[in-house]
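Just so you know, these numbers come straight off a predicted model, no measurement behind them. Letters go in sequence order (proteins before strands), and every chain restarts at 1.
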Protein chains: 2
Amino acid sequence: MSARSPLLDADAPSRPGGHHGRRQPHPGCEGCLTRSLAVCAALPAADTAEMEQAAGELRIQAGATLAREGAVRRDVYTVTRGMLRRVRLLPDGRRLVAGFLMAGDFIGFSGASHYRHTFEAVTDCALCVFSLQDMQQLCRSHPELEAGMLRQACAELDSTRSSLMTLARLTPVERLAGFLLDMAARQQRLGACADRVDLPMTRNDIADHLGLTIETVSRCFTRLKQDGMIEFDAPRLIALVQPAQLQTLAGSQAE
Amino acid sequence: MSARSPLLDADAPSRPGGHHGRRQPHPGCEGCLTRSLAVCAALPAADTAEMEQAAGELRIQAGATLAREGAVRRDVYTVTRGMLRRVRLLPDGRRLVAGFLMAGDFIGFSGASHYRHTFEAVTDCALCVFSLQDMQQLCRSHPELEAGMLRQACAELDSTRSSLMTLARLTPVERLAGFLLDMAARQQRLGACADRVDLPMTRNDIADHLGLTIETVSRCFTRLKQDGMIEFDAPRLIALVQPAQLQTLAGSQAE
DNA sequence: CGTACGGTTGACTAGCCTCAACAAAAGTGG
DNA sequence: CCACTTTTGTTGAGGCTAGTCAACCGTACG
């Protein structure tokens, strides 16, 4: 529902529809924390040289726009640090957050010539950049990479289809329970502890992700707390006290 | 919301979690109507022999189950005729129709070892069957095929993500308008006329696809008719009188 | 002819959204 | 360091929309 924050419009993009920050030479895959998670994991260690050459490193600040809906889709990215949101707006201001992107996630599974979403940094972020052209070239010369991309695209399809059930048929509390578990699982995969969730995004982002209003999201948090399923260390740091009960609430919907 | 029809449970699957009907030898790609639409289009005509050998033909009747959620995912399919629905159920009976599959559509973009949806024939259907194994082998030996699969998987991701906006933020009439346009566009791609939509599925299917109830769907149909945007040739055959207005209603959400 | 099924319509209800006030935290500038 | 503003999150009151329940209609089919 929320209109775009004036803050985001203030710092206009340095390239038409492109990202802020400057593209730096890539520091190398060797020490990359996401090497085992991202699409590049499909390439054997011996073959990273060619990819490193095509890659650039990009750092953007919280609140900055990586790419704008409607802009020409020149680049694809792998998130290596931080969190972004995938946003789409309707002409009248209704907003959807189609997903949150974390370390290891790939931005670029699309057949469209223009971005179909705006990508905004929720926290400070670091990304691996490839020109779409280079990435396509890499895929042609390395079928294992293409296979890995297909595998990850399919995984993303599975997860997006699960979101359809969430939005179509789950109640607000069920949606929030599922969201907390989903975020917890993803953070755990990145090495965080299992029973605590960090939510860097605002309630507004959560609401627009779950198809609700901020008030409803807030009330659902309160209800989960009253029912003893969660506890607040801070509004954005939540302890999952009864993950099993949350799981039941969420309808046992995996990921 | 509807529980599964008793009719569908009556005719139990002939294979555990598998499809009805019998797998026949493949008649050949040459005369295939969907040759230019499906994933196989990525293969040059000279290379179809190997694929034909791996393929089988399958025909199933309206109401039959092609594959059941939770069953081992042994086969993948390309729809060549008819329509199927992709269904998921919650333990308490809430139902989601995650999509309708038509000629040219591929069933098998998933990373899961088990089907995550039940596939049911809405009309009599014909499909191309491949064992998952054979298809993976084909992909390895024909990188163009894998590239084509990736392209189509990305297209499906784009379209699924658009559905998120529909379910999260559009009003019932808007959802229905978008649905009608979507179906019309897909049928047009298959050679049907542009201003008429055939809806072989029930109102129940539409409701569970749009996250609504049958009553709401019915009322929205009536409203669109009263507003002069559509006309009923029959409950399941609808004329799009004002496609432009429908487009506006649907929020200009492409596909 | 009777039944079953799919679809439409009406009356009522409940749950989520809207509007509004308030509280807490974080930034800003003197 | 403190007053002030801005942003974010919570809570309450009330209205509206879509869901629920029920009746009814038309068609298909035995």
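- Side chains of R196(A) and L240(A) form no contact here, defined as non-hydrogen atoms less than 4.5 Å apart.
- The distance from atom CZ of F232(A) to atom P of dT11(D) is 8 Å, rounded to the nearest whole Å.
- In the set dG6(C), dG9(D), dT8(C), dG9(D) carries the atom at the smallest distance from any side-chain atom of R203(A).
- For T80(A) (side chain) and A103(A) (main-chain N/O), no donor-acceptor pair under 3.5 Å exists by modelled atom type.
- Salt-bridge annotation for R223(A) and E174(A): absent, with no side-chain N of the basic residue lying under 4.0 Å from a carboxylate O of the acidic one.
- In this structure, R94(B) places its CZ atom 13 Å from P of dG19(D), rounding to the nearest Å.
- A rotation axis mapping the C1' atoms of four pairs onto the next four is fitted at both ends of the helix from dC1(C)-dG30(D) to dG30(C)-dC1(D) over five pairs, and the angle between these axes is 30° to 10 degrees.
- Smallest separation of non-hydrogen atoms from A207(B) and R169(A): O-NH2, 3.4 Å.
- Taking the six-membered ring where tryptophan is involved, the planes of F106(B) and F109(B) are tilted, since the angle between them lies from 30° to 60°.
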(request) Would you give a per-nucleotide map of nucleotides 9-16 of chain C, 5' to 3', where B means the base has a protein non-hydrogen atom under 4.0 Å away, S means only the sugar-phosphate does, and - means neither? (result) BBB----S
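- If you measure from atom CD of Q226(B) to atom P of dT8(C), you get 12 Å, rounded to the nearest angstrom.
- Following rounding to the nearest Å, D208(B) (CG) and dG19(D) (C1') show an atom-to-atom distance of 14 Å.
- Rounded to whole angstrom, the span from the CG atom of L199(A) across to the P atom of dT8(D) amounts to 15 Å.
- Side-chain atoms of D208(A) never come within 3.5 Å of backbone atoms of D205(A) as a donor-acceptor pair (strictly under, hydrogens ignored).
- Atom CG of L176(B) is separated from atom P of dT8(C) by 10 Å (rounded to the nearest Å).
- Residue R236(B) has a polar side-chain atom (N or O) positioned under 4.0 Å from OP1 or OP2 of dG7(C).
- F100(A) and R186(A) make their closest contact through O-NH2, 2.6 Å (heavy atoms, listed as atom of the first residue, atom of the second, distance).
- The CG atom of D205(A) sits 15 Å away from the P atom of dT7(D) (whole-angstrom rounding).
- You'll find the side chain of E69(B) stays beyond 4.5 Å of the side chain of H117(B), heavy atoms only.
- Rounded to an integer number of Å, the gap from N204(A) CG to dT18(C) P is 12 Å.
- In terms of modelled atom types and a separation under 3.5 Å, the side chain of S159(A) and the main chain of A155(A) share no donor-acceptor contact.
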